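In what follows, a structure is listed as structure tokens, so that the remarks can point back to it.
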Amino acid sequence: MMLTAEFFARPTLEVAPDLLGATLFVETDEGTCSGRIVEVEAYLGEDDAASHAARGPTPRSAVMFGPPGQTYVYFIYGMHHCLNFVTEMEGTPGAVLIRALEPVSGLELMAQRRGTEREVDLCNGPGKLCQALGLDLGWNDLSLGGQGNTQILLKASKELVKYERSPRLGIKVAADLPYRFFDVGSSFLSG
DNA sequence: TGGATGATCGCA
DNA sequence: GCGATCATCCAG
């Protein structure tokens, strides 16, 4: 069962834990890679100072105010990309940051892109997984599925994932909010 | 523990 | 325009 925009058209804090266990597929000219989502973070609107949407829409954050299910990919620290999926109804900002994956397929390609053979180091961080999957700004504001030889897909989980919450990592404001969700038993987490 | 490295955004 | 900031990663 593939996840569609409908899955994301609800409160961000409900979508975030439900994404745990889902499988993310990224198809490119080089091949297809996939991984099981084991760690995410929720970013809200004006009540969340750490969110790019906290001060209203900007050229970058406008995607977060758009229709649910769209990708939100941004460039940070001069060298890394981060992948989110937009949540909430159109007009209401929200997104879920994908922080870590358990590699499932395309490990050879991911290892080549990452420059390491260590399976545990391929996707255990938001920047790492974008590098492993070949994601950059060209993947921003895309719909799930779509057409052509490059596409991004999400397959729902059949299992019930046991997860925990914690404060989000790598932020200095709103650092107390417990908006990080992670698979308790996974050994592919970031941090 | 700090340096790389450049887009983004608020304010001038 | 300008400079502070940044949802990170890696070497040392």
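Just so you know, these numbers come straight off a predicted model, no measurement behind them. In what follows, every heavy atom counts, from backbone to side chain, and hydrogens, waters and symmetry copies are set aside.
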Testing the 3.5 Å rule here: is there a donor-acceptor pair between the side chains of [X] and [Y]?
{"X": "Ser166(A)", "Y": "Arg180(A)", "value": "yes"}
{"X": "Thr12(A)", "Y": "Glu88(A)", "value": "yes"}
{"X": "Ser34(A)", "Y": "Ser105(A)", "value": "yes"}
{"X": "Glu39(A)", "Y": "Ser190(A)", "value": "yes"}
{"X": "Gln131(A)", "Y": "Arg114(A)", "value": "yes"}

Would you please confirm or rule out a distance under 4.0 Å between OP1 or OP2 of dC9(C) and any side-chain N or O of Arg114(A)? no

When you measure from the side-chain N and O atoms of His52(A) to the phosphate of dT8(B), is any distance below 4.0 Å, counting only OP1 and OP2? no

If stacking means aromatic ring centre less than 5.5 angstrom from the base's six-membered ring centre, planes under 30°, is Phe75(A) stacked on dG6(B)? no

Distance, rounded to the nearest Å, where [X] contributes [atom1] and [N] contributes [atom2]:
{"X": "His81(A)", "N": "dG6(B)", "atom1": "NE2", "atom2": "P", "result": "11 Å"}
{"X": "Tyr74(A)", "N": "dG6(B)", "atom1": "OH", "atom2": "P", "result": "18 Å"}
{"X": "Asp121(A)", "N": "dC10(C)", "atom1": "CG", "atom2": "C1'", "result": "11 Å"}
{"X": "Leu97(A)", "N": "dC6(C)", "atom1": "CG", "atom2": "C1'", "result": "13 Å"}
{"X": "Met64(A)", "N": "dT8(B)", "atom1": "CE", "atom2": "C1'", "result": "15 Å"}
{"X": "Asp136(A)", "N": "dA7(B)", "atom1": "CG", "atom2": "P", "result": "13 Å"}
{"X": "Lys128(A)", "N": "dA7(C)", "atom1": "NZ", "atom2": "C1'", "result": "15 Å"}
{"X": "Tyr77(A)", "N": "dT5(C)", "atom1": "OH", "atom2": "C1'", "result": "9 Å"}

Looking only at atom types and distance, does a side-chain atom of Glu41(A) sit under 3.5 Å from a main-chain N or O of Leu169(A), one as donor and one as acceptor? yes

Could you check whether any side-chain N or O of Thr71(A) sits under 3.5 Å from a backbone N or O of Phe85(A), counting only pairs where one atom can act as donor and the other as acceptor? no

Of the nucleotides [options], which one has an atom closest to the side chain of [X]?
{"X": "Thr58(A)", "options": "dC10(C), dG6(B), dC9(B)", "value": "dC9(B)"}
{"X": "Arg60(A)", "options": "dC9(B), dG10(B), dG6(B)", "value": "dC9(B)"}
{"X": "Ser51(A)", "options": "dG10(B), dT8(C), dA7(C)", "value": "dA7(C)"}
{"X": "His80(A)", "options": "dA7(C), dA7(B), dC9(C)", "value": "dC9(C)"}

Quick one: pull up OG1 in Thr4(A) and CG in Leu154(A) and give me the separation to the nearest 0.5 Å. 10.0 Å

Mind checking Gly127(A) for me? I need base, sugar-phosphate or nothing, with any heavy atom below 4.0 Å counting as a touch. sugar-phosphate

Sorted by position of nearest nucleotide on DNA chain C, 5' first, the leading residue of Ile76(A) and Gln131(A) is Ile76(A)

Report the residue (Met79(A) or Arg55(A)) whose heavy-atom-nearest nucleotide on DNA chain B is the more 5′ of the two. Met79(A)

Whom does dT5(B) pair with, Watson-Crick or G-U wobble, provided both distances fall under 3.5 Å? none

As its Watson-Crick or G-U partner within any shown strand, both distances under 3.5 Å, dA7(C) has none

Tell me, which of residues 171-185 of chain A have any heavy atom that sits under 4.0 Å from an atom in DNA chain B? none

